[in-house]
Every structure is written in structure tokens, then in C-alpha cells.
*Asks:* 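My questions all concern the structure below.
Order of the sequence lines fixes the chain letters, A, B, ..., with proteins taken first and strands second; residue numbering starts at 1 for each chain.
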2 protein chains.
Amino acid sequence: MTVTEAAAERLVRIGEVARDAGVSVRAVRYYEQQGLLIAERSPSGQRLYRQDTVTLVRFFQQMFAAGLTSRRIAELLPCWDTGHTDAEQRAMLRAERDRIQAKVDDLQAALDRLDEVIAITDTHP
Amino acid sequence: MTVTEAAAERLVRIGEVARDAGVSVRAVRYYEQQGLLIAERSPSGQRLYRQDTVTLVRFFQQMFAAGLTSRRIAELLPCWDTGHTDAEQRAMLRAERDRIQAKVDDLQAALDRLDEVIAITDTHP
DNA sequence: CTAAAACCTGACGCCAGCGTCAGAGGCAAG
DNA sequence: CTTGCCTCTGACGCTGGCGTCAGGTTTTAG
């Protein structure tokens, strides 16, 4: 392995990123459009991503599942990247955390409700 | 209190239902349109609801929060009302339950991720 | 060399749970 | 009576995360 080989990042195209992350190509393009991803371009204009982009996309999916919007995630990215935050960002992080926690509690309550219904319908066949 | 007074249901108009349940008037009309609520009508055409409608609307909100669609809720209503279900409905109930449980797990994972980020940003001020 | 597969840029479509505006009627109080 | 709030029926708008089609270029496999 030469120095230049070690220095050169291995870049992958959009299809590989999408497949490895388990999302559609369209989704990846969308993330870029929303400022969540930045891609280099090949001379012919094709997007080239660093391989750890897959990890990032999986992170996005997780945040989407938690109800964060792409805008919020974009605001969070600096924290994630640099590990450096100002007071406002930290407040936002905690706010999102609390929102998710509240959502978990809501879901748990809904779950309990459904379990009640299930219990009733099982004893009343 | 006379017999007729005891027998007569107290009916409320849409505004009261909405306010007591903490939703908009528009939302209540929407629920009716989706077959979740049935209203009597006054001679002039105004909707009249039984007072326990408020409970029902709160239940809807809980289910919406859990990610159920109004269609699903409409399919669940017979179980809820009569306490009587066929096999298909019981299967649906369990499927929804499992879906919600999975969602709770996802959210918990996202929460843990965010907590990691928060921990890092707190130690890296 | 050629055909298939992958990629590109728009741009419109979709769903669900409402928000919101328009225009008109009902209803208790002063 | 009229003022002011509540209600009615449409009907269009919005948001977000993509799906999907159109029409063209590029890369890759054989």
C-alpha cells in the first residue's frame, strides 16, 4: 500500500450508499438536497460519497423515525461532526431528547390501551 | 330528577367536544367524515354529540400518536364498542400492538443515540 | 462495440391529518 | 333589532419524506 493509496479516500457512488444503508437512491439525493449530505462529483457529474456516509444515512433514518425533521437534523449535524456546540445547540439537543421521551411515553400509554382492548376481546370471544 | 330527564342523554355541540378533548372543531368534523364519530343533528343541522364523545376523541388522539390511521381506528371501533371480535380483528389488534412496540424500541434507540451525542457535547464544551 | 445497468436533472404525485378561507345560517343577550 | 359568537358546507392548502415518470448521459459487462 502506497502513501497515496492510504491518503486517498475510497469513494462510492450513490447506489452503493443507498443499498448499504437500506434506503432508496432517491432518498440519498433528497438528503443532499436538504443539506444533510455533501457529495463530491466525478468529472462527469456523478456523486461520490465517502464510505462512512452509510453510517450517517443510518443515523438520519433513526432520527427520522424519532420524528425529527431534516431541518432539525441539519441543525444537529455540526454537533455531531465537530463534537462542539454552543448553548443554543445544546438546548435544542435536550429539547429533542425530551420530545422523544414524551413520545415514548405516549406510545407506551397507547400500547397499554391496546393491550387492555386485547385482553377484553380475548376474554370475550 | 324525573324519569325523562334521567333517560334523556345530554347532548353537546361540536365546540364543547373540541374544547374538552383539546382538539380543533375541524378535527372533530374530520373524524366524523372518516367514520370515527356519528352525530345526531339538531333541527337546524348542527351536530349534537353524546358527552362521552370526548373520551372517544381522546382515544383517537392516542391512537394517532401511536401511528394508527383513521382507517385502522375505524376498523378497531367495533372491538372497542362491542368488546366482540372475530379472528381477523384480533390479529389486527396484535399486529398494531407489535408495530407500536417496535416503534417504541426504535425511539428508545434514537434516544440513546441522542444521549450519546449530548454526553459528548457536554464533555467537549 | 453494444446493450444493460447505473446515474443525472427536473418536476409532478402522494398521503394523512388537519388549517384555513369563503359565504351563509343559527341563537342567546342587551 | 342587532351584535357577536357558534355552526354549517364545500373546497383548496400545507407539510415531509420520499415515489415515480421523462428524457438524457455514463459506466460497466460481455
Side-chain angles (χ1 to χ4, degrees), chain A residues 10-49 53-54 56-77 96 99-100 103 106-107 110, chain B residues 11-49 53 56-77 96 99-100 103 106-107 110:
Chain A
R10 202 190 147 233
L11 298 178
V12 297
R13 293 191 300 169
I14 194 170
E16 191 171 336
V17 171
R19 200 176 53 239
D20 290 359
V23 303
S24 69
V25 168
R26 176 68 172 92
V28 178
R29 289 203 195 99
Y30 175 74
Y31 301 156
E32 182 175 338
Q33 197 179 358
Q34 302 305 306
L36 300 181
L37 292 178
I38 297 176
E40 295 182 42
R41 296 299 183 119
S42 76
S44 66
Q46 300 203 342
R47 291 171 177 84
L48 296 177
Y49 298 95
T53 302
V54 174
L56 208 51
V57 171
R58 290 216 183 94
F59 175 69
F60 297 159
Q61 290 293 110
Q62 214 166 18
M63 293 302 114
F64 284 144
L68 278 77
T69 65
S70 52
R71 179 166 302 277
R72 274 280 186 251
I73 299 176
E75 290 167 2
L76 290 178
L77 272 187
E96 289 299 338
R99 232 184 31 73
I100 298 175
K103 207 165 182 177
D106 282 356
L107 282 190
Chain B
L11 298 177
V12 297
R13 292 190 299 172
I14 195 169
E16 191 171 336
V17 172
R19 202 177 45 245
D20 291 359
V23 303
S24 70
V25 168
R26 175 70 174 93
V28 178
R29 290 203 193 98
Y30 175 74
Y31 300 157
E32 183 176 338
Q33 197 179 359
Q34 302 304 306
L36 299 181
L37 291 178
I38 297 176
E40 294 183 42
R41 295 301 182 118
S42 78
S44 65
Q46 300 201 340
R47 291 172 178 83
L48 296 177
Y49 297 95
T53 302
L56 208 50
V57 171
R58 291 216 183 94
F59 175 69
F60 296 158
Q61 290 293 111
Q62 215 167 16
M63 293 303 113
F64 284 142
L68 277 78
T69 65
S70 51
R71 181 166 299 277
R72 274 280 186 250
I73 300 176
E75 291 168 0
L76 290 179
L77 272 187
E96 288 299 338
R99 232 185 28 74
I100 298 174
K103 207 164 178 177
D106 282 356
L107 284 190

*Asks:* Would you mind checking if B:E32 and B:R29 are paired as a salt bridge, meaning a charged N to carboxylate O distance below 4.0 Å?
*Replies:*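 Salt bridge: no.
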*Asks:* Would you compute the distance between atom CD of A:E75 and atom OG1 of A:T69 and round it to the nearest 0.5 angstrom?
*Replies:*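 If we round to the nearest 0.5 Å, A:E75:CD and A:T69:OG1 are 7.0 Å apart.
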*Asks:* Under the rule for side-chain contact (heavy atoms from CB on, under 4.5 Å), what residues qualify as partners of A:R19, not counting sequence neighbours?
*Replies:*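 Checked A:R19 against side-chain contact (heavy atoms from CB on, under 4.5 Å); matches are A:E16.
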*Asks:* Passes side-chain contact (heavy atoms from CB on, under 4.5 Å), A:L68 versus A:I100? Steps please.
*Replies:* CA-CA 9 Å; A:L68 278 77; A:I100 298 175; 3.9 Å; yes
*Asks:* What is the distance, to the nearest angstrom, from the CZ atom on A:R13 to the P atom on C:dC8?
*Replies:*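 It works out to 8 Å between those atoms.
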*Asks:* Quick one, which residues of residues 25-42 of chain B touch DNA chain D with a heavy atom under 4.0 Å?
*Replies:*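 Under 4.0 Å from DNA chain D: B:R26, B:R29, B:R41.
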*Asks:* Would B:R41 and B:R47 satisfy side-chain contact (heavy atoms from CB on, under 4.5 Å), going step by step from the backbone distance to the final call?
*Replies:* CA-CA 5 Å; B:R41 295 301 182 118; B:R47 291 172 178 83; 3.5 Å; yes
*Asks:* To the nearest angstrom, how far is A:R19 atom CZ from C:dA5 atom P?
*Replies:*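 Checked: the CZ to P distance equals 14 Å.
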*Asks:* Do the rings of B:Y31 and B:F64 sit parallel, tilted or perpendicular, given the 30° and 60° boundaries?
*Replies:*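 Because their plane-to-plane angle lies in the 30° to 60° range, the rings of B:Y31 and B:F64 count as tilted.
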*Asks:* Just the rounded figure in Å: distance from P of D:dT27 to CD of A:E16.
*Replies:*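 In whole Å, D:dT27 P and A:E16 CD are 16 Å from each other.
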*Asks:* Testing the basics here: between B:L36 and B:F60, what is the closest heavy-atom pair and its distance to 0.1 Å?
*Replies:*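 Smallest interatomic distance, heavy atoms only, reads O-CZ, 3.4 Å.
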*Asks:* If the cut-off is 4.0 Å, is B:S24 near the phosphate of C:dG19, judged by side-chain N/O to OP1 or OP2?
*Replies:*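 Yes, because at least one side-chain N or O of B:S24 sits under 4.0 Å from OP1 or OP2 of C:dG19.
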*Asks:* Could you check how far CD of B:Q46 sits from P of D:dT7, rounded to whole Å?
*Replies:*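 Value for this atom pair: 7 Å.
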*Asks:* When you measure from the side chain of A:R58 to the backbone N and O of A:G22, does any donor-acceptor pair fall under 3.5 Å?
*Replies:*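 Pair absent, no side-chain N/O of A:R58 close to backbone of A:G22.
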*Asks:* Is B:S44 close enough to C:dG25 that one of its side-chain N or O atoms is under 4.0 Å from OP1 or OP2 there?
*Replies:*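 Checking C:dG25 against B:S44, no side-chain N or O comes under 4.0 Å of OP1 or OP2.
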*Asks:* If you find the nucleotide of DNA chain D closest to A:V23 and the one closest to A:P43, which residue's nucleotide is nearer the 5' end?
*Replies:*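 Between the two, 5'-proximity favours A:V23.
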*Asks:* So, for B:A110 and A:Q62, which heavy atoms are closest and what is the spacing to 0.1 Å?
*Replies:*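 Closest approach of B:A110 to A:Q62, heavy atoms only: CB-O, 3.8 Å.
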*Asks:* Below the 4.0 Å mark, does D:dT9 have OP1 or OP2 next to a side-chain nitrogen or oxygen of B:R47?
*Replies:*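 Affirmative; the distance criterion is met.
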*Asks:* Under 4.0 Å, heavy atom to any atom of DNA chain C: which of residues 61-71 of chain B qualify?
*Replies:*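 Contacting residues: B:Q61, B:F64, B:L68, B:T69, B:S70.
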